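By convention in this document, chain letters (A, B, ...) are assigned in the order of the sequence lines, proteins followed by strands, and residues within each chain are numbered from 1. This structure is a prediction, so every number in the text was calculated from the model and none was measured.
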Number of protein chains: 2
Amino acid sequence: MIDTVTDELRTDILSGRFEPGDRLLELPLAEHYACGRAAVRSAIVALATEGLVEREANRGASVRRISVAEAIQITQARSVLEGLIAAQAARHSTPSDHEELRSIITEMEESVADDTGRVYSNLNGRLHRRLQDMSGHEIAAQLVSNLRDRAAHHQYRLSVMPGRSRESLQQHAAIVDAIIAGDEFAAASAMHDHLQSVIDVLSQWQDAGGRHP
Amino acid sequence: MIDTVTDELRTDILSGRFEPGDRLLELPLAEHYACGRAAVRSAIVALATEGLVEREANRGASVRRISVAEAIQITQARSVLEGLIAAQAARHSTPSDHEELRSIITEMEESVADDTGRVYSNLNGRLHRRLQDMSGHEIAAQLVSNLRDRAAHHQYRLSVMPGRSRESLQQHAAIVDAIIAGDEFAAASAMHDHLQSVIDVLSQWQDAGGRHP
DNA sequence: GTTAACAGGATCGTTGACAATCGCAGACTA
DNA sequence: TAGTCTGCGATTGTCAACGATCCTGTTAAC
């Protein structure tokens, strides 16, 4: 039960059902998830150590607010870890993996042509998740998943930027090419370039004072 | 209270008071830490999401057993993250920071000369922790701390290897030199070399079938 | 009008008891 | 003897109630 509630609450936070700063009252949540306060408390403790929620002694929990500065650090950490993942994927992926990666890129190209940002964002998530699996690197995969969750809000803002997916597509294609070629160094390097471009956008937002563009 | 118990339990696990595989019964722990079962439960949930303990439904918790293969992955992840930290430290550290790093290296040299492995191990921890602080990269620092905790058992085995500290010292000195020179790339590279040598030792253990050498 | 003390409400934190579950030992059967 | 079933002890999971703490709005004094 407690793991169920943890997953549900995490999902609801990531989906925007609860926004940054929202208080997470135990009693209403217990009612919402049809469980006792104990399960909610455990879920909050777990999500707090995951960095998704903030707990203040005797004050309760709230959805953690991630500053742009922190999002940049998160993306930097992601950059090196996903670089590792890309390198390992280049080393361990099979021909059928390559086929799947190519097909994702193809779908991405169609999505960019149709200008369906929502679809592209899903494909983006799918690509990164598949790379995590192919790498066989469970530790890095777990850390990256957590980091992605933490910065999900900013990632969303990024995904709805006009023209963003076109730029992103080229980078993704470069990553996939390097992996198919089995070039570990190039794969890591392409991944770094990709996430550096994310960092560049975040830095612009930061310089703009964190206001929504 | 619950944060206190979490810290105490974590410390006891890292210190070896509880060994990998040991069951963590709630009632005895509650007595040991002079608290209620609820606090122990919360601590266990927190440490489970940190990856230090393992929870089975209706079966209770136990100290997580980390295989050599997993320790290698942990060290690989540490390698890229500490590379990032070293680079940031090279960028942000002050002259007084440099003085402190130099003094740690000096103490390390004395420790190696005296062959006091225990002291060297402490200095090793201090150096890495200071680099985390100097980098100003809280995200990477937090992740690395967690990874170090997870592999603590193997790290201990490593630290008591004869001749290990002498080799390690040169690598640490190279890292510090690069940071003082303000060379981000060299700092990251030296850190990678350092942790690669740890991975090499772990790989030897793995090939030896995980038996203690 | 501003500040300080106070009371009330809301919420977390803790405790103790009870229900649910699991593993194991011992009995029973083929 | 081997296999299966059942009851028991140990431990976790859940719940409700109580106590502690903090915030807020009100009142009174200066």
Side-chain angles (χ1 to χ4, degrees), chain A residues 1-67 142 149-150, chain B residues 1-67 142 149-150:
Chain A
M1 185 104 234
I2 100 154
D3 302 288
T4 320
V5 175
T6 306
D7 290 340
E8 288 183 284
L9 180 53
R10 187 193 298 106
T11 303
D12 284 343
I13 290 174
L14 295 181
S15 74
R17 165 100 176 60
F18 300 111
E19 291 184 25
D22 281 1
R23 295 193 65 186
L24 298 173
L25 283 341
E26 295 179 359
L27 216 50
L29 288 180
E31 194 157 345
H32 183 252
Y33 296 117
C35 64
R37 265 182 65 205
V40 172
R41 283 181 69 79
S42 293
I44 286 175
V45 168
L47 294 180
T49 81
E50 282 184 24
L52 262 62
V53 319
E54 206 166 12
R55 282 192 335 129
E56 268 180 297
N58 291 316
R59 300 271 337 268
S62 54
V63 179
R64 180 111 196 276
R65 222 184 269 281
I66 305 290
S67 68
Q142 182 201 319
D149 285 352
R150 289 207 230 178
Chain B
M1 183 105 235
I2 100 154
D3 303 288
T4 321
V5 175
T6 305
D7 290 340
E8 288 182 285
L9 181 52
R10 187 192 298 106
T11 303
D12 283 343
I13 290 174
L14 295 181
S15 74
R17 164 98 176 61
F18 300 111
E19 292 185 27
D22 280 1
R23 295 193 65 186
L24 298 173
L25 284 339
E26 295 179 0
L27 215 52
L29 289 179
E31 194 157 346
H32 183 253
Y33 296 118
C35 65
R37 264 183 63 205
V40 172
R41 282 182 70 79
S42 293
I44 286 175
V45 169
L47 294 180
T49 81
E50 283 184 24
L52 261 64
V53 318
E54 205 167 11
R55 281 191 337 127
E56 267 180 297
N58 291 316
R59 301 275 333 272
S62 55
V63 179
R64 181 112 196 276
R65 222 184 268 281
I66 305 290
S67 67
Q142 182 202 320
D149 285 353
R150 290 208 230 177

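Scanning all heavy atoms of the two residues, the minimum distance from Ile44(A) to Val53(A) falls at O-CG2, 3.7 Å.
Glu8(B) contributes atom CD, which lies 11.0 Å from atom CG of Leu29(B) (distance to the nearest 0.5 angstrom).
Whole-Å rounding puts the Glu26(B) CD to dT21(C) C1' distance at 13 Å. Straight-line distance from the CZ atom of Arg23(A) to the P atom of dC22(D): 13 Å, rounded to whole Å. Distance CG (Asp3(B)) to C1' (dT14(C)): 15 Å, rounded to an integer number of Å. Distance, Tyr33(B) OH to dT15(C) P: 16 Å, rounded to whole Å. Atom CE in Met1(B) sits about 16 Å away from atom C1' in dT21(D), given to the nearest Å. Spacing between atom CZ of Arg59(B) and atom P of dC24(C) amounts to 8 Å, rounded to whole angstrom units.
Between the side chain of Arg23(A) and the backbone N or O of Arg59(A) there is at least one donor-acceptor pair closer than 3.5 Å. Proximity of a side-chain donor or acceptor of Arg10(A) to a complementary backbone N or O of Ala43(A) within less than 3.5 Å is not detected.
Residues from residues 39-57 of chain B lying near DNA chain C, meaning a heavy-atom separation below 4.0 Å, are absent.
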Step-by-step side-chain contact (heavy atoms from CB on, under 4.5 Å) determination, Ile13(A) to Asp149(A)
CA-CA 9 Å; Ile13(A) 290 174; Asp149(A) 285 352; over 6 Å; no
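Which of dT14(C), dT11(C), dT11(D) sits closest to the side chain of Leu25(A) comes down to dT11(C). For Asn58(A), the listed nucleotide lying nearest its side chain is dC22(D); candidates were dC22(D), dT14(D), dT15(C).
Only one option out of Thr6(B), Ile2(B), Val5(B), Leu47(B) pairs with Ser42(B) in a side-chain contact (heavy atoms from CB on, under 4.5 Å); it is Ile2(B).
Contact check, Arg37(A) against dC12(C): no side-chain N or O comes under 4.0 Å of OP1 or OP2.
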